[in-house]
Amino acid sequence: MSEEIKNKQAEKKKRIFSAIQPSGTITLGNYLGALRNWVKLQDEYDCIFAVADLHAITVRQDPKQFRNNILEAYALLIACGIDTEKSLFFIQSHVHTHAELAWILNCYTQFGELSRMTQFKDKSAKHADNVNAGLFTYPSLMAADILLYKADLVPVGEDQKQHLELSRNIAERFNGVYGNTFTVPDGYIPKVGARVRSLQDPTKKMSKSDENANSWVAVLDKPDTIMKKFKRAVTDSEARVCVGEGKDGINNLIGIMSAVTGKTSDDITAEFEGKGYGDFKTAVGEAVIEELRPIQERFDQLINDKAFLEEQYRKGAEFALKISQRTLDKAMKKIGYLAK
Ligand code: TYM
């Protein structure tokens, strides 16, 4: 997208920023909680999206696999509908301002605030042998991502709400000391799909880092794998397709069905009245397979077109650097750094 068009757009539309980590498979949770909404927002907002690969090394990554994951995440987002003609879309590590502002924001973020992050507590319990400083300061890097682009809105799933709140606090604190520098962002949480749960333990969110592969569905899972995973989904013994307390498994499947088909939970309950969970799970599996089919087809084409992908992410990084450098320069000047 030309700079002129981008500037014009930015004048009248609110700006959105969001990102996704390329740490392994991208799940149905990511898709319903985030990606699908990003695609819809592109016409209405001035959108900026990134593959957050700097964030991903808070957990050890195999270099070859990591390189593949980054490219695959980039291709998959385009396959889902991120349009590089409408939105700015880049890879975080290609834009050095993110790491630079993250360092600065670390100095405006309190130890106590970072200690309260539930994701830090969860991840450090899970990777007890690698509780690194990056895992701890991860939210300041996320704040840098958002604040560099003066985003008004940040569409995320529910699990990122606490990080977003901290980004707001950091922005307000900095602005309080130096005067208006950063835009204080608002969250933008979808009404359906904000918290897709594990198919094996529906009290937890569906997460790609879950070791039990039956607990998540990957956007690129083959149709028979998707069906198998839904058929194995944990439910309850009531055998009635309806939303209810103590029915986390069925509530989750109804949520997925509703997000994918647009039907309300009442419609779904009426449709499956008198039918067993087996029929319902098959129907959810089929609906998800159909939703993902065109994305998988497009991904297969894109991932073989390395030249196209390279052209897109290079262009994206170049433009992202221009925008973000201005904000970084402004913040550094306010702090008192000497101009270059
Ligand atoms: P990540 O990569 O874990 O997830 C990307 C997006 O997917 C959403 N999500 C879900 N939504 C519903 N149900 C689920 N089970 C589910 N799992 C994941 C997440 O809420 C997120 O919106 N720290 C971020 C990436 C990031 C970022 C940013 C986001 C880096 N910088 C700046 C926004 C703004 C993360 O790890 O998301």
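Every number for a ligand or one of its atoms is a count from 1 in the order of the listing. Predicted model, so just to flag it, every value in this text is computed and none were measured.
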**Message:** One residue to check: Leu141. Relative to ligand 1, which of side chain, backbone, both or neither has a non-hydrogen atom less than 4.0 Å away?
**Reply:** neither

**Asked** Who's the nearest protein heavy-atom neighbour of atom 3 (O) of ligand 1, and how far?
**Response** Gln160 NE2, 4.2 Å

**Item:** Over-ring placement of Lys229 relative to Trp216, 6.0 Å and 45° cut-offs
**Value:** yes

**Met206 and ligand 1 - part of the residue with a heavy-atom distance under 4.0 Å** = both

**Asked** Do you know the tightest heavy-atom contact between Thr84 and Gln312?
**Response** OG1-OE1, 2.8 Å

**Asked** What protein heavy atom is closest to atom 6 (C) of ligand 1, reported as residue, atom name and distance in Å?
**Response** Ala34 CB, 3.6 Å

**Asked** Is Arg197 touching ligand 1 with its side chain, its backbone, both, or neither, if touching means heavy atoms under 4.0 Å apart?
**Response** neither

**Asked** Can you find an N/O atom of Asp145 closer than 3.5 Å to an N/O atom of ligand 1?
**Response** yes

**Message:** I need the nearest protein heavy-atom contact for atom 11 (N) of ligand 1: residue, atom name and distance, please.
**Reply:** Gly29 O, 3.2 Å

**Request:** Quick one: look up the protein heavy atom nearest atom 29 (C) of ligand 1 and list residue, atom name and how far away it is.
**Result:** Ala19 O, 3.5 Å

**Asked** Is there a heavy atom of Lys208 sitting under 4.0 angstrom from any atom of ligand 1?
**Response** yes

**Asked** In terms of residue, atom name and distance, what is the protein heavy atom nearest to atom 23 (N) of ligand 1?
**Response** Tyr138 OH, 2.6 Å

**Other ILVMFWY residues reachable from Leu141 by side-chain steps of under 4.5 Å** = Leu54

**Asked** Which residue, Phe90, Phe89, Phe299, Phe308, forms the ring-ring contact (aromatic ring centres under 6.0 Å, His included) with Tyr74?
**Response** Phe89

**Request:** Would you confirm whether the ring centroid of Tyr149 sits within less than 6.0 angstrom of the ring centroid of His98?
**Result:** yes

**Request:** Just let me know how Val154 lines up against ligand 1, side chain, backbone, both or neither, with a heavy-atom cut-off below 4.0 Å.
**Result:** side chain

**Message:** With a heavy-atom distance limit of 4.0 Å, tell me whether Val196 approaches ligand 1 through its side chain, its backbone, both, or neither.
**Reply:** both

**Prompt:** Do Gln92 and Asp145 meet the criterion of a side-chain donor-acceptor pair at a distance under 3.5 Å?
**Reply:** yes

**Prompt:** By number and element, which atoms of ligand 1 are closer than 4.0 Å to a non-hydrogen atom of Gln21?
**Reply:** 2 (O), 35 (C), 36 (O)

**Item:** Heteroatom distance test (Gly157, ligand 1): nitrogen or oxygen, under 3.5 angstrom
**Value:** yes

Review item, side-chain donor-acceptor pairs of residues 278-289, under 3.5 Å, at least two apart:
from   : atom 1 : to     : atom 2 : distance (Å)
Lys281 : NZ     : Lys231 : O      : 3.2
Lys281 : NZ     : Ala233 : O      : 2.8
Thr282 : OG1    : Gly278 : O      : 2.9

**Request:** Take the angle between the ring planes of Tyr138 and His55 and call it parallel below 30°, perpendicular above 60°, tilted in between.
**Result:** perpendicular

**Fill in**
In this structure, atom 20 (O) of ligand 1 is nearest to the protein heavy atom Asp159 OD1, 2.5 Å

**Asked** What is the closest protein heavy atom to atom 4 (O) of ligand 1, and at what distance does it sit?
**Response** Asn30 ND2, 3.2 Å

